[in-house]
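Taking it in order: structure first as structure tokens, then the write-up.
These numbers come from a predicted model, not from an experiment. Hydrogens, waters and symmetry mates are skipped; everything else that's a heavy atom, side chains included, is used.
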Number of protein chains: 2
Amino acid sequence: MDKEALFQQFVTFTTSVHEVTFEMTKDVKPEDITPLQYSILEYLAVSQPVTLSQISECKHISMPNTSREIKKLTDKQLCEKFEVPDDRRKQFIRLSESGQAMMNKAFEQIGARFLERIKDVSAEELEDIQHAINILQSKVFHGSK
Amino acid sequence: MDKEALFQQFVTFTTSVHEVTFEMTKDVKPEDITPLQYSILEYLAVSQPVTLSQISECKHISMPNTSREIKKLTDKQLCEKFEVPDDRRKQFIRLSESGQAMMNKAFEQIGARFLERIKDVSAEELEDIQHAINILQSKVFHGSK
DNA sequence: TCCATTACTTATCATATGATAAGTAAAAGG
DNA sequence: CCTTTTACTTATCATATGATAAGTAATGGA
């Protein structure tokens with residue numbers, strides 16, 4: 001088994017994944033949201049509630065910058081802070097109602113594009129795809145810790 | 001077959017791919033190269049020679065900005081322009097010798113990290129991985145045109 | 001031959017993002 | 001308690017990147 005060849009495949013594959021996700025997510029962000037802000041909202045949609053520190057660590061944004069962006073998003077009424085029960089230093093962040101609505105809409109659009117993309121795929125092939133994703137997720141694209 | 005569930009899997013999978021590629025490529029760019037410049041160099045490494053228009057289109061950078069970045073990279077001696085035989089308006093771009101060397105080094109580092117990542121994977125599993133990549137590449141992550 | 005189009009450049013300008021320093025308040029640990 | 005650490009904020013500053021307008025030169029088509 002040639003690991004070098006597999007690496008080549010890996011590179012072109014990840015490039016394809018980036019291109020396709022770019023195509024699928026472009027234009028789903030409302031006007032006044034920056035890319036960074038959108039990526040935070042996306043993270044919130046999946047992982048809320050989270051603390052500022054968690055956002056900072058997971059999205060690789062420094063604490064001051066995270067604080068700034070969350071402030072902007074809060075000003076735009078897209079997310080809200082609330083206290084963490086046992087530690088008054090911490091702040092939980094979650095999507096506000098309108099933030100949630102916005103992200104639902106975005107995911108709907110992406111979902112529609114995804115369905116369009118796999119519309120000609122047979123039922124067995126869908127099984128294959130599911131299986132392939134599971135393989136890659138567990139064997140290659142897993143967290144390293 | 002539940003396509004909604006598959007979409008969920010798709011989302012978490014692409015997130016994983018982004019995280020893993022981020023981990024694998026971080027710190028491989030030399031000091032004075034910006035992320036955008038690195039991504040152009042990466043593209044050059046794989047597709048050279050290409051015209052400015054091709055870079056502009058593939059990397060989604062406007063022509064003026066592409067021109068500017070290529071100028072910076074040329075100033076840094078990392079790539080070079082040369083004429084296209086039949087059309088004197090066009091310019092081919094390719095990596096210079098030192099640019100090539102830089103990218104070889106970067107890819108070596110990434111390759112090493114990739115090997116580290118799959119070091120405990122058996123020969124059969126490698127086959128499975130290869131197969132899984134082929135499936136996804138052809139059925140899901142292909143160009144749409 | 002003339003006009004429209006293409007390929008690229010140059011010059012600004014605005015802004016998103018990254019980095020750093022300094023401050024506050026709560027918690028944790030001796 | 002007192003000190004240190006954690007979690008976050010505020011305030012700058014620098015810079016990478018995006019957007020736009022205007023210009024040049026070559027090409028291609030009528």
Side-chain angles (χ1 to χ4, degrees), chain A residues 18 22-23 25-44 47-76 78-94, chain B residues 18 22-23 25-44 47-76 78-94:
Chain A
H18 279 90
F22 173 87
E23 286 301 322
T25 57
K26 79 175 176 193
D27 303 331
V28 301
K29 356 193 176 200
E31 258 313 316
D32 56 340
I33 301 300
T34 71
L36 185 64
Q37 283 165 10
Y38 178 80
S39 88
I40 292 175
L41 291 173
E42 217 174 43
Y43 175 63
L44 284 178
S47 310
Q48 65 185 329
V50 290
T51 64
L52 278 162
S53 309
Q54 286 176 293
I55 300 173
S56 171
E57 186 184 341
C58 294
K59 305 294 311 181
H60 314 101
I61 309 168
S62 72
M63 272 298 288
N65 293 337
T66 306
S67 182
R68 176 183 59 197
E69 296 308 317
I70 289 296
K71 187 173 188 329
K72 287 181 193 167
L73 289 172
T74 319
D75 289 347
K76 287 176 186 164
L78 293 171
C79 68
E80 46 197 27
K81 303 177 179 177
F82 62 101
E83 290 194 347
V84 173
D86 23 329
D87 193 332
R88 281 167 50 198
R89 288 170 305 180
K90 297 184 183 176
Q91 298 259 37
F92 265 150
I93 316 290
R94 71 176 157 220
Chain B
H18 279 91
F22 173 87
E23 286 301 323
T25 56
K26 77 173 177 194
D27 303 331
V28 301
K29 354 189 182 213
E31 257 313 316
D32 56 340
I33 301 299
T34 71
L36 185 64
Q37 282 164 11
Y38 177 80
S39 86
I40 292 175
L41 291 173
E42 217 173 43
Y43 176 62
L44 283 179
S47 311
Q48 65 185 330
V50 289
T51 64
L52 278 164
S53 308
Q54 285 176 293
I55 299 173
S56 172
E57 186 184 341
C58 294
K59 306 294 310 182
H60 314 102
I61 309 168
S62 71
M63 273 298 289
N65 292 337
T66 305
S67 181
R68 176 183 61 199
E69 297 307 318
I70 290 296
K71 187 173 189 327
K72 288 181 192 166
L73 289 171
T74 318
D75 289 347
K76 287 176 185 165
L78 293 172
C79 67
E80 47 197 27
K81 303 177 181 178
F82 62 100
E83 290 193 348
V84 174
D86 21 331
D87 193 332
R88 280 166 51 199
R89 288 170 305 179
K90 297 185 183 177
Q91 298 258 35
F92 265 150
I93 316 291
R94 71 177 157 219

d([atom1], [X]; [atom2], [N]) in whole Å:
X      : N       : atom1 : atom2 : value
R68(A) : dA11(D) : CZ    : C1'   : 11 Å
D32(A) : dT15(C) : CG    : C1'   : 14 Å
I61(B) : dA19(D) : CD1   : P     : 11 Å
E31(A) : dG18(D) : CD    : P     : 16 Å
K29(B) : dG18(C) : NZ    : C1'   : 14 Å
K59(B) : dG18(D) : NZ    : P     : 11 Å
N65(B) : dA16(C) : CG    : C1'   : 14 Å
M63(A) : dG18(C) : CE    : C1'   : 15 Å

If you round to the nearest 0.5 Å, how far is [atom2] of [Y] from [atom1] of [X]?
X      : Y      : atom1 : atom2 : result
I61(A) : T66(A) : CD1   : OG1   : 4.5 Å
Q54(A) : L44(A) : CD    : CG    : 10.5 Å
I40(B) : I55(B) : CD1   : CD1   : 6.0 Å
L36(A) : K59(A) : CG    : NZ    : 8.0 Å
H60(B) : C58(B) : NE2   : SG    : 7.5 Å

Who passes side-chain contact (heavy atoms from CB on, under 4.5 Å) against [X], sequence neighbours left out?
X      : result
R68(B) : N65(B), K72(B)
K71(B) : D75(B)
K81(A) : I70(A), T74(A), Q91(A), I93(A)
K29(B) : Y38(B)

Distances under 3.5 Å between protein N/O atoms and the N/O atoms of nucleotides 27-30 of chain D, please, pair by pair.
from	atom 1	to	atom 2	distance (Å)
dT27(D)	OP1	R88(B)	N	3.1

T51(B) side chain near F92(B) side chain, heavy-atom distance below 4.5 Å: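 They are in side-chain contact.
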Side chain to side chain donor-acceptor pair (under 3.5 Å) partners for R94(A), two or more places apart: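 Here the qualifying residues are E80(A).
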Side chain to side chain donor-acceptor pair (under 3.5 Å) involving K76(B) - partner list, sequence neighbours excluded: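 Residues passing side chain to side chain donor-acceptor pair (under 3.5 Å) with K76(B): Q37(B).
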Residues in salt bridge (Lys or Arg N to Asp or Glu O under 4.0 Å) contact with R89(A), at least two apart in sequence or another chain: D87(A)
dT15(D) phosphate, OP1 or OP2, under 4.0 Å from K72(B) side-chain N/O: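 Looking at the OP1 and OP2 atoms of dT15(D), neither is under 4.0 Å from any side-chain N or O of K72(B).
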Residues in contact with DNA chain D, drawn from residues 48-56 of chain A - heavy-atom cutoff 4.0 Å: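 Only T51(A), L52(A), S53(A) qualify.
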Within residues 33-41 of chain B: residues closer than 4.0 Å to DNA chain C (heavy atoms):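 Heavy-atom cutoff 4.0 Å gives no residues at all.
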Verdict with supporting geometry, H18(B) and F22(B), side-chain contact (heavy atoms from CB on, under 4.5 Å): CA-CA 6 Å; H18(B) 279 91; F22(B) 173 87; over 6 Å; no
P64(B) or E69(B), whichever maps to the more 5' nucleotide of DNA chain D: E69(B)
Degree of bending, the helix from dT1(C)-dA30(D) to dG30(C)-dC1(D) (end axes from five pairs; round to 10°): 30°
